[in-house]
*Asks:* 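This is the structure I want to talk about, given as structure tokens.
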Amino acid sequence: MDARAPEAPHGDALRDAAENLFQELQEHFQALIATLNLRMEEMESRLEDLQKNVNDLMVPAGIEDSIQGQMGHTH
């Protein structure tokens with residue numbers, strides 16, 4: 001153990017630096033995940049709005065009737 005004693009401070013400093021770097025990377029990764037989750041939720045909401053708008057436009061255009069096989073039916 002005496003032979004390793006002089007190197008211990010350098011080893012501790014290296015370990016501390018590695019732990020700090022790992023902690024920082026973990027925090028950045030968690031922030032990235034949170035940002036991605038938020039963006040995915042926003043995208044899901046926009047897609048739902050887009051689907052609603054498309055559905056709303058299909059009805060007056062008569063596309064809904066043709067899709068349902070009721071082309072002879074008029075509004």
*Asks:* Taking C-beta and beyond as the side chain, do Glu48 and Gln51 meet within less than 4.5 Å on heavy atoms?
*Replies:* no
*Asks:* Does the distance from a Lys or Arg side-chain N to an Asp or Glu carboxylate O, for Asp12 and Arg15, drop under 4.0 Å?
*Replies:* yes
*Asks:* Working to the nearest 0.5 Å, report the span between CG of Asn55 and CG of Leu50.
*Replies:* 9.5 Å
*Asks:* Taking atom types as modelled, is there a side-chain donor on Gln23 or Glu19 under 3.5 Å from an acceptor on the other?
*Replies:* no
*Asks:* Would you give the length of the straight line joining atom CG of Asp49 to atom CG of Asp56, rounded to the nearest 0.5 angstrom?
*Replies:*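 So the CG of Asp49 and the CG of Asp56 are separated by 10.5 Å.
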*Asks:* Remaining members of Met43's ILVMFWY cluster at a side-chain heavy-atom cut-off under 4.5 Å?
*Replies:* Leu47
*Asks:* Working to the nearest 0.5 Å, report the span between CE of Met40 and CD1 of Ile33.
*Replies:* 11.5 Å
*Asks:* Do Thr35 side-chain atoms and Ala31 backbone N/O form a donor-acceptor pair below 3.5 Å?
*Replies:* yes
